[in-house]
Colleague: 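One structure follows; several queries about it will come next.
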Amino acid sequence: MAGIFDQADFKPIWFVWRRRKFNVEKITLVSDLKDGAIKKKMYSVLADGNLYRLDHCPAEQTWVLEQTWID
Amino acid sequence: MLLIDINSYFATLLQQENPFLRGKPVAIVKDLGRTCVIAASKEAKKLGIKTGTNIVQARQLAPDLLEVKAEFDLYLSATKKLIKLFQDIAPDVCIYSLDEAFIDVTHCQKHLYPDLHQLGYQIQDKIKTTLGEQVTANVGIGSNRLLAKMAAEISPKGSVFEINQDNLDAILAEVSFEDVCGIGFRLASKLARMGVFHPYQVRFYSVADLEPLFGPFWSRELLKIAYGEEPHHLQLLDLDNEMLGQPRMKTVSRSITMWELVKSEDEIKRVLYNLTQEVIYKVRKMKMSGRQVGLSLYGSDFLSWGEHQTFKYFISHTQEMFKVINDKLSRCWHQQFNPIKFRVYLGLLKPNEQVNPSLLPSWQKQELIETAVDQVTDRYGLFSIRSGLLLDWQKLIKPEVTGFLGDKSYQLDYR
């Protein structure tokens, strides 16, 4: 995952999944999730015309592709 | 007073997230495969689909209907962002449900917001900036919560509307009871049988006329509503705000409708233990204890069974509450039918500082265990540590947020 910090908010620019690079065209929603004390951010992004839900755990610095929507 | 009501919240937010859903009739269901529509998009509403519509009927009304699973974590996250936004406008914010909030600008209107309509438009813009351009809201303005909510209910989607002294009587004479906050279906039907369809008509009755039909409380409430005054249940919200941090909650309950009738006794026990653990976690998180344990079971063909037991002492341990439920089951219920819906609750709650803890060593030991479980749960989430009864169970029921946010003291203040 690569991105920029814009006014302290992280904004994904591109990500690699299964050795393929996906350019983020638009961030449609950012959600703050919590599981116990573990805080996560979920970025819903449009990339290559499809929707991807990317889960970010800042504590562990991990990114998980949770869901895709392909029309 | 302003009431902000996000239009078709559950569906709109998912349409914001997913452009493929935009402009299409969308039905939100609790889980894919469930048969009850819990929310509909603006496009689906235009076709006659609303909350509670059966999915089969919804498909007939909109053959190209898209069924989408509700995402309660997303809704709660968005609501928390909205609360922050509203609190930046005025300090007196009262969250009424996941998608509705009252903002009291009485104390800052003169200097900060002389034009409330302008403020309404600004709030609509800020909501779009915060959550996305798809998210529209109605802003209702009134001298009290009843009128602000009514203004938001009767105005077109995405509008700002005010009820003031000039239009008050005309609106009360036109609005139907389904758009009046606090008037439920039964009360509206009772009024309809008297030929009363609009609040203004109630003015032609006295308390003495109304009391035999509606009782001493509702006869006075109806007259208040008829004159556009704030009814009791909305006045209680002041108390909620004053006591923020000290929940006024009396009962914590949890219910679940399973996918099919549950036939096995072991399975029934698992479901009940699962629900009990969630109830106790919430109660303990709010630093409360309760002394009434209740259980309700629902089967097919409207079969139902319920029992509760009230104790002299307070309960705040999962094992203790489950033992009561389990004993009830074995003593009173005798598996009369196969249940599909389960509900457990702990009532007559009191803050722990008003409750004397038990001095029994066995209770003290259990309290230590529960405290340790709470600490693990706080860190790793509910059910990360659980009874052996649920260990290999594949159908674990996780906590979820309800639209009316009945547990807002827990959801908004304690997470």
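In what follows, chains are A, B, ... by sequence order, proteins preceding strands, each numbered from 1.
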Colleague: Can you tell me how far the CD atom of Glu71(B) sits from the CG atom of Leu29(A), to the nearest 0.5 Å?
Modeller: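 One finds 10.5 Å between CD of Glu71(B) and CG of Leu29(A).
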Colleague: Once you round to the nearest 0.5 Å, how far does CG of Leu33(A) lie from CG of Leu76(B)?
Modeller: 9.5 Å
Colleague: Within the supplied structure, the quantity of interest is the number of heavy atoms (other residues, nucleotides, ligands) at a distance under 6.0 Å from Arg22(B) CZ; does it exceed 12?
Modeller: yes
Colleague: Just distance, no hydrogens or angles: give the donor-acceptor pairs under 3.5 Å from side chains in residues 36-46 of chain A, sequence neighbours left out.
Modeller:
| from | atom 1 | to | atom 2 | distance (Å) |
| --- | --- | --- | --- | --- |
| Lys41(A) | NZ | Asp32(A) | OD1 | 2.6 |
| Ser44(A) | OG | Glu17(B) | OE2 | 2.6 |

Colleague: Picking from Ser384(B), Ala78(B), Gly132(B), Pro19(B), which has the most non-hydrogen pairs under 4.5 angstrom with chain A?
Modeller: Pro19(B)
Colleague: Closest approach of Ser31(A) and Ser77(B), non-hydrogen atoms and distance?
Modeller: CA-OG, 3.3 Å
Colleague: Please name all residues satisfying salt bridge (charged side-chain N to carboxylate O under 4.0 Å, His left out) with Glu66(A), sequence neighbours left out, ordered by chain then number.
Modeller: none
Colleague: Tell me every residue that passes ring-ring contact (aromatic ring centres under 6.0 Å, His included) with Tyr9(B), counting only those two or more places apart in sequence or in another chain.
Modeller: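 Per chain and number, Tyr9(B) pairs via ring-ring contact (aromatic ring centres under 6.0 Å, His included) with no residue.
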Colleague: How about Lys398(B): does its NZ atom have over 12 heavy atoms from other parts shown lying under 6.0 Å from it?
Modeller: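 Count not over threshold, so no.
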Colleague: Residue by residue, which of residues 50-58 of chain A have a heavy atom closer than 4.5 Å to a heavy atom belonging to chain B?
Modeller: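 Result: Asn50(A), Leu51(A), Arg53(A).
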Colleague: Select one option (side chain, backbone, both, neither) describing which atoms of Glu133(B) are under 4.5 Å from chain A's heavy atoms.
Modeller: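 The side chain, not the backbone.
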Colleague: Among Thr377(B), Asn18(B), Leu13(B), which residue has the highest count of heavy-atom pairs closer than 4.5 Å to chain A?
Modeller: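 Sorted descending by pairs with chain A, the first entry is Asn18(B).
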